[in-house]
Amino acid sequence: MWKHNISGYLNFTKKDRTGILVILSLVAFFIILPFFYPYLIKREKYDHKDFEKAIASLRIKQADSSGWFLKRNPDKRAYQNYDQSFNKSYYSRLSKGELFYFDPNSASPSEWKKLGVRDKTIATIQNYLSKGGRFYKKDDISKIWGLHENEIQRLIPFIQIHDTNSTNYPSEKLFEKKENKKTINSTAVVDINVADTAELIALPGIGSKLSRRIINFREKLGGFYNVEQIGETFGLPDSTFQKIKPWLTVSNMELRRININTATIDEMKSHPYVRYTLANAIVQYRTQHGNYTNVEDLKRIISVTEEVFDKLAPYLAVN
């Protein structure tokens with residue numbers, strides 16, 4: 001019985017055998033098909049020279065973009081690095097002025113213009129001369145900002161500098177003597193807490209702009225307690241500060257103080273020595289622990305170092 005059942009499963013009709021053969025044929029076809037792909041797909045012939053040309057083109061584009069950045073970079077060192085051939089060819093087209101012998105110390109703007117110098121560069125030269133600057137030798141024109149190398153080489157052979165020690169062109173030493181004279185005569189001691197702009201301008205190296213900055217800084221601080229604080233004024237060179245320091249004094253110590261028990265964060269951070277983070281820390285500590293009994297209590301705040309405390313303490317109060 002069971003042999004009869006098995007034989008029934010193993011016997012195939014003609015239609016079954018045909019279907020099986022078709023399926024096996026398809027399986028074999030798809031297995032073999034990948035081996036015929038190279039013959040069925042037409043490949044373009046690879047040329048290594050074309051690849052090298054493409055790489056060379058990319059390098060050229062990269063170099064061009066780098067050169068453009070250098071030309072636009074305001075850093076003076078970058079100007080010295082860009083392609084000199086471009087520099088010469090470009091500015092040679094601009095330098096079409098007439099050449100003639102001239103003295104850079106007395107040449108008028110119209111003469112500079114006639115020489116082919118650009119208006120902006122002419123303005124730089126005139127500004128330099130108006131402030132007492134002088135050209136003492138031919139190569140000095142190379143110091144002019146905006147005057148390019150090819151223009152310098154073009155103009156130098158035609159420069160004729162007259163005697164710079166004449167009354168028309170005083171030497172640098174004369175200017176130095178004049179400055180020294182001002183320093184020697186400025187012996188009046190200035191109280192930095194009550195001085196006005198006129199008294200500050202009398203100091204060597206201090207003009208109207210710096211004098212206003214010193215007074216504005218004094219107002220924001222609430223007064224100076226140390227001469228060294230003048231050196232913190234924005235835009236005041238240290239060399240100038242060291243020059244005027246011997247004539248500065250502090251005699252009025254009535255400083256404007258901040259009550260750390262009542263001041264808000266905004267009131268505190270308006271002081272030049274207090275940033276928002278410090279002002280917020282002072283207020284938060286006060287909120288959590290109550291009013292400060294004395295200014296020394298600020299040292300309990302982690303962000304208040306000895307340096308910060310010593311600098312700020314004269315401007316603080318608790319009542």
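If you're wondering where the values come from, they're calculated on a predicted model, not measured in any experiment.
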K.L.:
How long is the straight-line distance from OG1 of T240 back to CD1 of I230, given to the nearest 0.5 Å?
P.N.:
12.5 Å

K.L.:
Out of curiosity, L115 CG to I159 CD1, how far, rounded to the nearest 0.5 Å?
P.N.:
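It is 9.5 Å, given to the nearest 0.5 Å.
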
K.L.:
Roughly how far, to the nearest 0.5 Å, is the CD atom of E111 from the OG atom of S106?
P.N.:
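S106 atom OG to E111 atom CD measures 7.0 Å (nearest 0.5 Å).
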
K.L.:
Out of curiosity, does F100 fall in the hydrophobic cluster containing I161 (side-chain heavy atoms, cut-off under 4.5 Å, transitive links)?
P.N.:
yes

K.L.:
Taking side chain as C-beta onward, heavy atoms only, is Y128 less than 4.5 Å from I144?
P.N.:
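No. Closest side-chain heavy atoms not under 4.5 Å.
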
K.L.:
Sequence neighbours left out, what pairs pass salt bridge (charged side-chain N to carboxylate O under 4.0 Å, His left out) with at least one residue falling in residues 290-301?
P.N.:
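Every salt bridge (charged side-chain N to carboxylate O under 4.0 Å, His left out) pair that includes a residue of residues 290-301, provided the two are not neighbours, is E296-K299, D297-R300, K299-E306.
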
K.L.:
Please check: side-chain N/O of Q153 versus main-chain N/O of N150, any donor-acceptor pairing under 3.5 Å?
P.N.:
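Flag not set: sc Q153 to bb N150 has no pair under 3.5 Å.
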
K.L.:
Would you indicate whether the side-chain heavy atoms of D103 and Q160 approach each other to under 4.5 Å?
P.N.:
no

K.L.:
Do the ring planes of F135 and W112 sit parallel (below 30°), tilted (30 to 60°) or perpendicular (above 60°)?
P.N.:
tilted

K.L.:
Do L316 and L298 make a side-chain contact, defined as non-hydrogen atoms from C-beta onward lying under 4.5 Å apart?
P.N.:
yes

K.L.:
Report yes if the side chains of L210 and I201 come closer than 4.5 Å at any heavy-atom pair, otherwise no.
P.N.:
no

K.L.:
Can you sort out the partners of Y101 under ring-ring contact (aromatic ring centres under 6.0 Å, His included), two or more places apart, ordered by chain and number?
P.N.:
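In terms of ring-ring contact (aromatic ring centres under 6.0 Å, His included), with neighbours along the sequence ignored, Y101 is linked to F158.
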
K.L.:
So which heavy atom on G231 is nearest to which on L236, and how close?
P.N.:
CA-CD2, 4.3 Å

K.L.:
Would the distance check show the side chain of Q242 and the main-chain N or O of S239 forming a donor-acceptor pair, the cut-off being under 3.5 Å?
P.N.:
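Checking the backbone N and O of S239 against the side chain of Q242, no donor-acceptor pair under 3.5 Å is found.
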
K.L.:
List for me each residue that meets side chain to side chain contact (heavy atoms under 4.5 Å, CB included) alongside N291, sequence neighbours excluded, and say none if there are none.
P.N.:
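Side chain to side chain contact (heavy atoms under 4.5 Å, CB included) list for N291, sorted by chain: N261, R286.
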
K.L.:
What are the two closest non-hydrogen atoms of R257 and A313, and how far apart are they?
P.N.:
NH1-O, 4.2 Å

K.L.:
Partners of Q229 by side chain to side chain contact (heavy atoms under 4.5 Å, CB included), sequence neighbours excluded?
P.N.:
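Result, side chain to side chain contact (heavy atoms under 4.5 Å, CB included) vs Q229: L221, F224, Y225, N226, E232, Y273, Y315.
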
K.L.:
Nearest 0.5 Å please: distance from the CG atom of L248 over to the CG atom of L203.
P.N.:
6.0 Å

K.L.:
Looking at every non-hydrogen atom in both residues, tell me the closest pair between R154 and P157 and how far apart they are.
P.N.:
O-CD, 3.7 Å

K.L.:
Just grab all the salt bridge (charged side-chain N to carboxylate O under 4.0 Å, His left out) pairs involving residues 211-228, residues at least two apart or on different chains.
P.N.:
E228-K245

K.L.:
Without placing hydrogens or testing angles, list every side-chain donor-acceptor pair under 3.5 Å for residues 17-30, not counting sequence neighbours.
P.N.:
residue: R17; atom: NH1; partner: F12; partner atom: O; Å: 2.6
residue: T18; atom: OG1; partner: K14; partner atom: O; Å: 2.9
residue: S25; atom: OG; partner: L21; partner atom: O; Å: 2.7

K.L.:
Other residues, nucleotides and ligands only: do more than 12 of their heavy atoms fall within 6.0 Å of CG on N319?
P.N.:
no

K.L.:
Please enumerate all residues that pass side-chain hydrogen bond (donor to acceptor under 3.5 Å, both in side chains) together with K137, with sequence neighbours excluded.
P.N.:
D140

K.L.:
Tell me every residue that passes side chain to side chain contact (heavy atoms under 4.5 Å, CB included) with I152, counting only those two or more places apart in sequence or in another chain.
P.N.:
I141, S142, L147, E149, I156

K.L.:
Can you tell me how far apart CD1 (I215) and CG (L200) are? Round to the nearest 0.5 Å.
P.N.:
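Nearest 0.5 Å value for the CD1-CG distance: 5.0 Å.
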
K.L.:
Just how far is it from atom CG of D196 to atom CD1 of I214, taken to the nearest 0.5 Å?
P.N.:
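The CG atom of D196 sits 12.0 Å away from the CD1 atom of I214.
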
K.L.:
Taking side chain to side chain contact (heavy atoms under 4.5 Å, CB included) as the definition, give me every residue that meets it alongside T305, ordered by chain and number, with sequence neighbours left out.
P.N.:
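Expected list: E307, V308.
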
K.L.:
Who are the ring-ring contact (aromatic ring centres under 6.0 Å, His included) partners of F241, not counting sequence neighbours?
P.N.:
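Checked F241 against ring-ring contact (aromatic ring centres under 6.0 Å, His included); zero matches.
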
K.L.:
Going by salt bridge (charged side-chain N to carboxylate O under 4.0 Å, His left out), name the pairs with one or both residues in residues 267-279, residues two or more places apart or in two chains.
P.N.:
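Listed by first then second residue: D266-K269.
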
K.L.:
Regarding T249 and S251, do their side chains bring together a donor and an acceptor under 3.5 Å, going by distance alone?
P.N.:
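No, no side-chain donor-acceptor contact under 3.5 Å.
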
K.L.:
Check for a donor-acceptor pair, side chain of T287 on one end and backbone N or O of V283 on the other, with a separation under 3.5 Å.
P.N.:
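Yes; judged by distance alone, with no hydrogens or angles, the pair exists.
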
K.L.:
If you compare all heavy atoms of P104 against all heavy atoms of L129, which two are closest, and at what distance to 0.1 Å?
P.N.:
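Closest pair (atom of P104, atom of L129, distance): O-CD1, 3.7 Å.
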
K.L.:
If you compare all heavy atoms of L278 against all heavy atoms of S303, which two are closest, and at what distance to 0.1 Å?
P.N.:
CD1-OG, 4.0 Å

K.L.:
Could you work out, with side-chain hydrogen bond (donor to acceptor under 3.5 Å, both in side chains) as the rule, every residue matching S130, not counting sequence neighbours?
P.N.:
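Once residues adjacent in sequence are excluded, S130 has no partner under the side-chain hydrogen bond (donor to acceptor under 3.5 Å, both in side chains) criterion.
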
K.L.:
Any idea which heavy atoms bring I258 and A263 closest together, and the distance?
P.N.:
CG2-CB, 3.6 Å

